[in-house]
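Just the heavy atoms: all of them, side chains too, but no hydrogens, waters or symmetry mates, feed the values below. Counting starts at 1 for both ligands and their atoms, in listed order. Everything numeric in this text was worked out from a predicted model, so none of it was measured.
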Amino acid sequence: MTRMSDVVAETPAGKPIEIRPMKAFPHIKDLVTDVSWNYDVAQRIAPINGPETMDWEFNQMEADRVQHFRECIECFLCVNTCHVLRDHEMFDEFAGPRNLVRLAQYEMHPLDTEDRVPEIKKEFGIEYCNITRCCTEVCPAGIQITDDAIIQLKERVVDRYYDPLQRIWRTITRQNVRY
Ligand code: SF4
Ligand code: SF4
């Protein structure tokens with residue numbers, strides 16, 4: 001999102017301008033880094049499990065809510081900026097903001113019936129995100145990663161694991177959910 005002409009205008013004459021590759025990923029060459037970790041994580045996310053019949057109907061607002069997430073261009077700047085990965089290198093414990101957007105896109109799909117909440121908590125480590133919003137600030141697609149995706153997923157985890165009233169209600173209504 002940064003124009004070189006702006007950088008040149010702000011840089012004192014004679015001072016070099018440095019352009020570096022993303023820091024969070026293994027360096028391959030020049031500005032190229034190996035971002036395959038993101039795709040490996042994506043493959044572990046359960047796909048949308050929709051109805052088999054084709055008479056789909058849902059509210060336009062529900063469609064708009066997930067359409068926003070599909071604007072991701074997979075630049076991975078959000079992942080590169082996230083301190084959980086960039087500084088603490090928790091690649092085994094945390095799925096990163098791009099894949100949390102993917103999880104939100106699937107979880108909030110109006111026709112999806114898959115339950116990914118236990119994986120969001122344990123395997124994808126959403127609790128490591130402390131909502132700094134750094135990822136949202138750098139997203140060139142303007143996706144509100146923290147507010148629209150991550151916080152929504154965190155609320156689902158809280159409802160499932162930490163809300164006693166929800167737990168009582170599930171017991172009364174005999175809802176079987178995974179933990
Ligand atoms: S809001 Fe969460 S995912 Fe985004 S940069 Fe901060 S810690 Fe990382
Ligand atoms: S910064 Fe935005 S566009 Fe880039 S990978 Fe992250 S969510 Fe997608």
Side-chain angles (χ1 to χ4, degrees), residues 1-4 6-7 17-48 61-112 114-163:
M1 292 197 296
T2 305
R3 288 188 169 277
M4 277 308 297
D6 294 342
V7 177
I17 296 169
E18 291 184 26
I19 303 173
R20 302 179 192 205
M22 290 195 285
K23 185 185 170 191
F25 306 110
H27 187 223
I28 296 177
K29 188 179 179 184
D30 299 333
L31 294 179
V32 181
T33 54
D34 177 5
V35 296
S36 57
W37 171 82
N38 296 280
Y39 301 117
D40 293 341
V41 174
Q43 283 193 327
R44 305 202 321 259
I45 296 174
I48 289 174
M61 280 172 58
E62 292 180 292
D64 293 344
R65 204 163 63 138
V66 291
Q67 187 63 23
H68 179 47
F69 299 136
R70 294 175 64 89
E71 290 165 16
C72 171
I73 58 171
E74 302 220 297
C75 64
F76 304 121
L77 288 177
C78 55
V79 181
N80 184 56
T81 305
C82 177
H83 67 100
V84 180
L85 299 165
R86 181 187 176 110
D87 299 328
H88 301 289
E89 300 183 355
M90 301 188 78
F91 291 94
D92 292 335
E93 296 89 351
F94 184 53
R98 190 306 172 234
N99 274 311
L100 291 175
V101 167
R102 188 188 306 277
L103 279 158
Q105 179 185 328
Y106 292 177
E107 277 292 300
M108 293 157 71
H109 192 289
L111 298 175
D112 178 60
E114 189 74 29
D115 176 15
R116 304 175 190 81
V117 173
E119 286 75 22
I120 291 168
K121 179 181 188 319
K122 297 170 191 165
E123 185 177 344
F124 301 126
I126 196 163
E127 287 161 321
Y128 289 108
C129 167
N130 51 1
I131 318 180
T132 57
R133 294 191 171 83
C134 310
C135 50
T136 304
E137 282 177 25
V138 299
C139 178
I143 299 171
Q144 296 299 304
I145 302 170
T146 323
D147 287 44
D148 291 354
I150 296 176
I151 291 177
Q152 307 299 323
L153 295 177
K154 276 179 175 284
E155 285 177 355
R156 288 171 192 231
V157 169
V158 169
D159 284 352
R160 177 74 55 90
Y161 288 90
Y162 305 113
D163 185 340

Salt-bridge contact [X]-[Y] (side-chain N to carboxylate O under 4.0 Å):
X	Y	answer
Lys122	Glu127	no
Arg20	Glu18	yes
Asp148	Arg65	no
Asp159	Lys154	no

Exercise. Is any side-chain heavy atom of Asp30 closer than 4.5 Å to a side-chain heavy atom of Pro21?
Worked result: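 No; the side chains remain at least 4.5 Å from each other.
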For this session: Kindly indicate whether the side chain of Arg160, heavy atoms from C-beta on, has any atom under 4.5 Å from the side chain of Asp115.
Result: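 In short, these two side chains touch, coming nearer than 4.5 Å.
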I'd like to check which ligand 2 atoms, numbered from 1 as shown, lie under 4.0 Å from a non-hydrogen atom of [X].
X	answer
Arg98	5 (S)
Phe76	4 (Fe), 5 (S)
Cys72	3 (S), 5 (S), 7 (S), 8 (Fe)
Pro140	1 (S)

For this session: Have a look around atom 6 (Fe) of ligand 1 and list protein N/O/S atoms under 2.8 Å, or say none.
Result: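 Result, waters dropped: Thr132 OG1.
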Heavy-atom nearest neighbour in the protein, as seen from [atom], with distance rounded to 0.1 Å:
atom	result
atom 6 (Fe) of ligand 2	Cys78 SG, 2.3 Å
atom 3 (S) of ligand 1	Ile150 CD1, 3.6 Å
atom 2 (Fe) of ligand 2	Cys139 SG, 2.3 Å

For this session: May I ask you to identify, for Glu74, whether its side chain, its backbone, both or neither come under 4.0 Å of ligand 2 on a heavy-atom basis?
Result: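 The backbone, only.
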Exercise. Backbone, side chain, both or neither: what part of Ile145 comes under 4.0 angstrom of ligand 2, heavy atoms only?
Worked result: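 Contact part for Ile145 vs ligand 2: side chain (C-beta onward).
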Problem set entry | For Met22, the option from Asp34, Asn80, Leu31, Val79 that meets side chain to side chain contact (heavy atoms under 4.5 Å, CB included) |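 Passing option: Asn80.
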Exercise. Within a reach of under 6.0 Å around CZ of Arg44, are more than 12 heavy atoms found that belong to other residues, nucleotides or ligands?
Worked result: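 Yes, CZ of Arg44 has more than 12 neighbouring heavy atoms, counting only those of other groups under 6.0 Å.
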Problem set entry | Pairwise side-chain hydrogen bond (donor to acceptor under 3.5 Å, both in side chains) hits with a residue in residues 85-96, at least two apart |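 Passing the test, one end in residues 85-96: no pairs.
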Exercise. Run the side-chain contact (heavy atoms from CB on, under 4.5 Å) check on Ile143 and Thr136 step by step: do they pass?
Worked result: CA-CA 7 Å; Ile143 299 171; Thr136 304; over 6 Å; no
For this session: Examine all N, O or S atoms of Cys75, backbone included, and report whether one is under 2.8 Å from atom 2 (Fe) of ligand 2.
Result: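 Here the distance criterion (N, O or S atom, under 2.8 Å) is not met by Cys75, so no.
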For this session: Could you tell me whether a side-chain N or O of Trp37 sits under 3.5 Å from a main-chain N or O of Phe25, the two making a donor and an acceptor?
Result: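 Pair absent, no side-chain N/O of Trp37 close to backbone of Phe25.
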